[in-house]
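All chains are named by letter (A, B, ...) in the order of the sequence lines, taking the proteins before the strands, and each is independently numbered beginning at 1. The figures here come from the full heavy-atom set of this structure, side chains too, leaving out hydrogens, waters and symmetry mates.
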2 protein chains.
Amino acid sequence: MNIGEIARRAGVSRSTVSYALSGKRPVAAATRRRIQDVIDELGYRPNATARALKEGRTRTIGLVIPPAGNRLSHMQLDFVAAVVDAAARVDLDVLLSPSGGDHDRSFERLVSEGRVDGVIVMEIRLHDTRVDRLRQAGLPFVGIGHTADERAMCWIDVDYARLIGHSVRHLADLGHRKVALISRSKELVASGYGPALRAREGFTAAIAERGVRGVEVTCGDDARSGQESIEELLRAHPDLTAVTTINEAALPGIQRALADAGLAVPSDFSVTGVAARLWAEDFRPPLTAADVPALEMGEQAVSLLVQRIAEPGTPPRHILLAPPISLRSSTGAAPAVRG
Amino acid sequence: MNIGEIARRAGVSRSTVSYALSGKRPVAAATRRRIQDVIDELGYRPNATARALKEGRTRTIGLVIPPAGNRLSHMQLDFVAAVVDAAARVDLDVLLSPSGGDHDRSFERLVSEGRVDGVIVMEIRLHDTRVDRLRQAGLPFVGIGHTADERAMCWIDVDYARLIGHSVRHLADLGHRKVALISRSKELVASGYGPALRAREGFTAAIAERGVRGVEVTCGDDARSGQESIEELLRAHPDLTAVTTINEAALPGIQRALADAGLAVPSDFSVTGVAARLWAEDFRPPLTAADVPALEMGEQAVSLLVQRIAEPGTPPRHILLAPPISLRSSTGAAPAVRG
DNA sequence: TTGTATGCGTTATCAA
DNA sequence: TTGATAACGCATACAA
């Protein structure tokens, strides 16, 4: 069933049906009614493909997610859900593309076949071939995270340097003299993953500022790795009394390893970091942490993209979020003695 | 840039370019080369929208996920990832639709605007209006879970009755005399959520068969609810020594509440259930559970849908999975005394 | 071996 | 107030 069928049954031309639907041209009340009756009866909806071809836009955005191999973290998941929800609210559909490498057919379809009006890219690297490709294709896009040339693209990101700096100072103020940063996986850091590098910056600066000792370790994005990281840290650094992390997925392992070592949080050992709120609250005891507002970020990313699609020429906007650290129960005064 | 531009630059007609691309008509080697050179130079890819309009299919499938309000469980997440991955492997794109209620614009777009060739629907209810709508629209679809009239649709599902039955018998064999089933949320159960109802069936049958006592409770899909469920169960049933569950998201809470109550797993208390494998392995101690093969299910769902799209007339196929229970460390002999 | 012409379903311009 | 028609970019039947 198509617009011609509706027109035939209502005894009008196709253009009149189209105008009755869009309201872009006045249609006599009686005619409009007749058309609407037929439409209601048949349950007609204009074909999205034909409309997209004619209008030159698809009313669809692409969301490029990390490939399924590495399972998504809660934060990433929340972000996907937020994007999909925010897009639905403005009647945009979301096309998902699991994409990591360069020779990715799904991603390539997205950017070069005109399937979407714009793209949101997650997990941006400092030098990201996907960004290069999108720029070359002239497709509007928004990054979650940004490349080395900050000003050249539109992005929304979390200020990891500042947040990790905050958390280190918080720990130092509580009397901790040696603090570890549990970062993301070795591969990710090596490939130039911005958040990890900026977390290191913030860590190093705060360590120096407060004159405490610091040790940074990489850690896979899973509980097991978190557990191993803590075990190794405790072994190598008997005087360690606190960790801060940007590795959300490692938290359950961190929790376990500390329990196994007989260390109570926060009386024997403090834990803090950057994590999605629900995740922080699920920690035991509830995690003192900067709550990454994934839902808000998703919403803002969609909003930025919609603007960018509407006015591709304007200078790219950036949003750098630095949510406050919520004091919960996982940090406390440094223990007098340990080890 | 379009096919006409390529044709012009290569000095051939548009149809020749089209045939050179599709290979559906022989093209002289020299001509083909000339065309390919132009295509490579300009990076041309046929417009997906125009192709879809012409061919009458979009090479896109829809994935209807639960609305973002209730955050997705790991199992659901794994499933989404699996579907997206499996679809990408056969060059299908995936359009995401967060959809719960009936008045859902996103879902309505999916079914009535010809945006997709077929749909995969998650979290099917025994009486599901979305299924009715899809059937009415004549759009091929595959359900994860099935409606009351099993034979009327194409689905893939987990045999919760059998799996929960297994786990109860396993517990009974270990000497447990009173077992609780921790189900999904009250609302979900009330709305006729198949897995919860079938889990109940299996539970009731196995309880009766082995002559043990059973108690069933509903529980929200989050850690806090899991914790509360255990606390209440322990209070109301001091003789309870084991639980089985289909509520994956409640597991961390179950774990905590037991630890808080000073109950060691499995020496004091046994826990078992149905969960995604990685989730089960993350439990502490590793969970004796039926591992829901979410990745495999996603792959199979895509495969079923592709078949269904190709041959809409064939009788609907069903796949009922009953993965074996993996013995890990969370179940053991019933304690001699408790309470 | 290649070119011409038509139509997919829509929107929008031009004409009445 | 409405209708006829062109065009979006492509694939393909038909012609040469």
Side-chain angles (χ1 to χ4, degrees), chain A residues 1-36 38-39 42-60 91 93 109 111-117 137-139, chain B residues 1-36 38-39 42-60 91 93 109 111-117 137-139:
Chain A
M1 176 200 354
N2 56 31
I3 202 172
E5 178 71 12
I6 304 297
R8 208 180 51 70
R9 299 212 189 197
V12 296
S13 73
R14 289 180 317 193
S15 54
T16 301
V17 175
S18 179
Y19 284 118
L21 240 40
S22 69
K24 292 186 180 176
R25 186 168 91 171
V27 173
T31 313
R32 179 194 304 279
R33 263 204 62 114
R34 212 155 16 112
I35 292 172
Q36 193 57 52
V38 176
I39 286 178
L42 300 188
Y44 165 78
R45 296 280 302 263
N47 180 285
T49 305
R51 168 180 279 174
L53 180 59
K54 179 59 187 167
E55 292 190 333
R57 59 169 183 155
T58 59
R59 296 168 193 260
T60 303
D91 290 331
D93 281 328
R109 279 202 301 275
V111 301
S112 58
E113 293 187 356
R115 293 180 109 88
V116 295
D117 299 333
L139 197 61
Chain B
M1 177 200 353
N2 57 32
I3 201 173
E5 177 72 11
I6 304 297
R8 207 179 52 70
R9 298 211 188 198
V12 295
S13 75
R14 291 181 318 193
S15 58
T16 301
V17 175
S18 180
Y19 284 119
L21 240 40
S22 71
K24 292 187 180 174
R25 186 169 90 171
V27 173
T31 313
R32 179 192 303 278
R33 262 202 62 114
R34 209 152 19 106
I35 292 172
Q36 194 56 53
V38 176
I39 286 179
L42 300 189
Y44 166 77
R45 296 281 301 263
N47 180 285
T49 305
R51 168 180 281 173
L53 179 58
K54 177 63 185 169
E55 292 190 334
R57 62 172 180 149
T58 59
R59 299 167 191 260
T60 303
D91 289 332
D93 281 327
R109 278 202 300 275
V111 302
S112 58
E113 294 188 354
R115 292 181 110 86
V116 296
D117 299 334
L139 197 61

Colleague: Counting primed atoms plus P, OP1 and OP2 as sugar-phosphate and everything else as base, spell out the protein contacts along nucleotides 9-16 of chain C at 4.0 Å heavy-atom distance: B, S or - for each nucleotide, 5' to 3'.
Modeller: BBBBBB--
Colleague: Return the CG to NZ distance between B:Leu53 and A:Lys54, rounded to the nearest 0.5 Å.
Modeller: 12.0 Å
Colleague: Applying salt bridge (Lys or Arg N to Asp or Glu O under 4.0 Å), name anything that partners B:Arg9, two or more places apart in sequence or on another chain.
Modeller: B:Glu5
Colleague: Using a cut-off of less than 4.0 Å, is there contact between a side-chain N or O of A:Ser13 and OP1 or OP2 of D:dT2?
Modeller: no
Colleague: Is B:Val111 close to A:Arg45 at the side-chain level, that is, under 4.5 Å between some pair of heavy atoms?
Modeller: no
Colleague: In the structure I gave you, are the side-chain heavy atoms of B:Thr58 and A:Thr49 within less than 4.5 Å of one another anywhere?
Modeller: yes
Colleague: Taking side-chain contact (heavy atoms from CB on, under 4.5 Å) as the test, write out the residues that go with B:Ile3, two or more places apart.
Modeller: B:Arg14, B:Val17, B:Ser18, B:Tyr44
Colleague: Atom CD of A:Glu113 to atom P of D:dC8: distance rounded to whole Å?
Modeller: 20 Å
